[in-house]
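Reading through the structure tokens given below for one structure.
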Amino acid sequence: MDIRIALAGNPNSGKTTMFNGLTGSSQYVGNWPGVTVEKKEGKLRGHKNVIVTDLPGIYSLSPYSPEELVSRDYLVKERPDAIINIVDATNLERNLYLTTQLIELGIPVVIALNMFDLLKKSGDTVNKAALEDLFGCTVIETSALKGQGIKEAAEAAIGLASQKNKLPKPVVFSKSVEAVLAGISESINPVLPANSGNLSRWYSIKVFERDANVLDALKIPETESKKIDGSIKALENEQDDDSESIITNERYTFISKTIKSVMHKKSPALSTSDKIDRIVTNRWLALPIFAVVMFLVYYISVTTLGALVTDFTNDTLFGDWIQGPVGEWLEGIGAAAWLTSLIVDGIIGGVGAVLGFVPQLFVLFFFLAFLEDCGYMARVAFIMDRIFRKFGLSGKSFIPMLISSGCGVPGVMAAKTIENEKDRRMTVMTTTFIPCSAKLPIIAFLAGIIAGGAGWVAPSMYFLGIFAVISSGIILKKTKMFAGEPAPFVMELPSYHWPSIKSVLFHMWDRVKAFIIKAGTIIFIACGIIWFLSSFGFSGGSFGMVEQDESLLAFLGNMFAWIFMPLGFGNWQATVATITGLVAKENVVATFGILTGVGEVAETDPALWAAGRSIFPTAIQGLSFLVFNLLCAPCFAAIGAIRREMASGKWTWFAIGYQTVYAYVMAFLVYQFGSLITGLASFSGWTVAAIVLALGFLYLLFRPDGGMRRRNSMQNHANA
Ligand code: GDP
């Protein structure tokens, strides 16, 4: 009879190198049945009857990726005679996570402490005997690269394969978890598959984790399943965490204890980076710190430093130095009135209004690039994972959102990396809620109108974006379309470091560049069109240059203005600005720039703001406009990106429809409640409508999900 040995380990642990070393040229490569995951097998060198199977590189045995699924299916169903677990000795913490799962399978395990050469170099040591004792496995120090120890590892595996009673010792969890596991084990024993003698503990843990695949396969009778569910829920409530995370946490607790006892680090136990992380990723402090950091970033970029330079560019540079003199010059050379108007009001007014915000963007992106390059943003993704998971999103969604703070197009495209289709769709749908660079001018502009440029506006809008993402996550996850558990999130946290100034400047420039190019192209053309529409119209039966109120633009705006009446900005100017925002969000401010003629306004006040107050007489109207424009359907370019990622017209319409409805409801609530509170309006039918909508929103947010998540994830696996 052949002896079958499986190689299991994390990606990059040196598995391929070891497999090649063990099997030489006798490999055959195929696919695991039903999936495109590569399956490699080979005969152990010098042994005719020992077959080595290389499992895909994995971080855990959960059911979230095809790699994990084929690996565990193989281990659970085919039952190899021994496992060689390749562990990167320089990265014990992450690698042992898989080990804690492999040792629950009831198969002998040899731990190959690989990269041992590197460990030695670092001066760290591992107490091999202690490790063997803790896991009940044979431990062999190996260097796959140098071919050291791998033969011994294979011999050890062959040795263990023949003595099936030398099984590893599974991790013992906390008392409360063990109690629930014992109950589960009793309940499921009668339904376990025939040949699963050593697998009872593994099955119990999977049932505890509500692993849909296992639940499906076991067909636990209703009464038992209810009992099990009750005991799991009780523990979940007690620990305020979901069962899967409870197990994960306990595994990591075990691992850190293990590492403390078996590993001797030469370098001081905590690097500076670790020390910073103790505070920055601390359970309680992480979020407040993140909030303060983002507040400061937006505050400094929009209100203090950024505003200073932007005021200068808007008022002095474009207003006094460019718009005025260019106008005079054009008049001086006798240019036609329409041409002067096109250049001065249309192009300089519109494009200038947009470019005026470039300094703020420079400051904002300087900070964001710094946070990203020094390693903080990776921590934020990790922190957000803990929170997002509660709302059905994974921390992976954070990366697209981060990128979306620059531009929604690459942000949406970054969702590609999310394997789970539902998570991906959800991310694509919600990521443009985060204010992008083009929305920043809208925020800065409206902040001026609403609150004289007060510092709280910009950060609040950023947090409004996060709120929109999270509340949408909660609401959508409770629907059939999106139900299912988010995939866990594994990423390496790089050590903190001072970023090179070159790379920060490069990243900053990279983002601002796109903005400037857009201002010179799409916005430039749009400004021409908006100017034309706002300058020409029918008056007294003939077509020609007219006052704005009689222009084609006013006509078009008035046609749709009723839509925004309930939101408080049902005038044609705001309507037109909103519509042009669909082409590019920069157009919103550009439109106001053209409609109000920046240069003609008193200098003492930031020019655009004062002019803006003629369109938004009260702060609440401005706020409502801001909320709607930040959350509604993104620009055409981003919609195009959504279309590509969704690969479906139906889903694209659903996405932008959802965003627009969400934006409408939020702006409606802001305006109706806001004007009631500030005494602008009295209680009316609109107020009632607002109350009903608010209650509806709260209902969608807080309604129980009726086990939808779990049922659906089971359904999915059944369908797959
Ligand atoms: P896999 O992703 O687990 O298949 O990992 P690979 O076998 O591709 O190895 C990842 C990298 O680590 C490669 O560059 C290998 O050359 C290197 N590597 C593998 N084993 C060792 C080792 O024991 N010592 C050292 N120094 N490098 C190793």
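For ligands, and for the atoms within them, numbers begin at 1 and follow the listed sequence.
Salt bridge absent: Asp88 and Lys15 never bring a charged side-chain N and a carboxylate O closer than 4.0 Å. A salt bridge links Asp211 with Arg72: the closest approach of a Lys/Arg side-chain nitrogen to an acidic carboxylate oxygen falls below 4.0 angstrom. For the pair Glu421 and Arg425, the salt-bridge criterion is met [side-chain N within less than 4.0 Å of a carboxylate O]. For Glu41 and Arg4, the salt-bridge test fails: no basic side-chain N is under 4.0 Å from an acidic carboxylate O. Remark: Arg201 engages Glu178 in a salt bridge, criterion side-chain N to carboxylate O under 4.0 Å.
Looking at Leu145 against ligand 1, both its backbone and its side chain come within 4.0 Å, counting heavy atoms. The parts of Thr16 lying near ligand 1 are both backbone and side chain, judged by heavy-atom distances below 4.0 Å. Of all the heavy atoms of Ile86, none lies under 4.0 Å from any atom of ligand 1, so neither backbone nor side chain is involved.
Nearest to atom 25 (C) of ligand 1 among the protein's heavy atoms is Asp117 OD2, 3.5 Å. Looking from atom 10 (C) of ligand 1 to the surrounding protein, the closest heavy atom is Asn12 OD1, 3.9 Å. In terms of protein heavy atoms, atom 3 (O) of ligand 1 is closest to Lys15 N, 2.8 Å.
Closest heavy-atom approach to atom 5 (O) of ligand 1 within the set Gly149, Ala144, Gly14, Gly21: this belongs to Gly14. Evaluated by nearest non-hydrogen atom to atom 6 (P) of ligand 1, the leading choice among Thr17, Leu7, Asn20 is Thr17.
Distances shorter than 4.0 angstrom occur between a heavy atom of Ser13 and an atom of ligand 1.
Looking at ligand 1, you won't find any N or O of Phe116 less than 3.5 Å from one of its N or O atoms. Among the atoms of Thr142, none of the N or O lies under 3.5 angstrom from an N or O of ligand 1. On a distance-only criterion, Met115 and ligand 1 share at least one N/O pair closer than 3.5 Å.
Relative to the ring axis of Tyr496, Arg379 places its NZ or CZ within 45° and under 6.0 Å from the centre.
Ring pair Trp498/Phe370 is tilted by interplanar angle, where 30° to 60° counts as tilted. Using a 30° and 60° split on the angle between ring planes, Phe135 and Phe254 fall in the perpendicular class, above 60°.
Distance check for atom 15 (C) of ligand 1: a protein heavy atom is found below 4.0 Å. Of the protein's heavy atoms, at least one falls inside 4.0 Å of atom 21 (C) of ligand 1.
A pairwise comparison of heavy atoms in Ile83 and Ile107 identifies CG1-CG2, 3.8 Å as the closest pair. Heavy atoms only, all atoms of each residue included: Ala130 and Val262 are closest at CB-CG1, 3.8 Å.
Heavy-atom contacts of Asn10 reach the following atoms of ligand 1: 3 (O) (cutoff under 4.0 Å). Residue contact check: Leu118 has heavy atoms under 4.0 Å from atoms 26 (N) of ligand 1. Each of the atoms 20 (N), 21 (C), 23 (O) of ligand 1 lies under 4.0 Å from some heavy atom of Asn114. Which parts of ligand 1 touch Ser143 is read off a 4.0 Å heavy-atom cut-off, strictly below it: atoms 22 (C), 23 (O), 24 (N).
Aromatic rings of Trp651 and Phe482 (six-membered ring for Trp) have centroids within the 6.0 Å cut-off, being under it.
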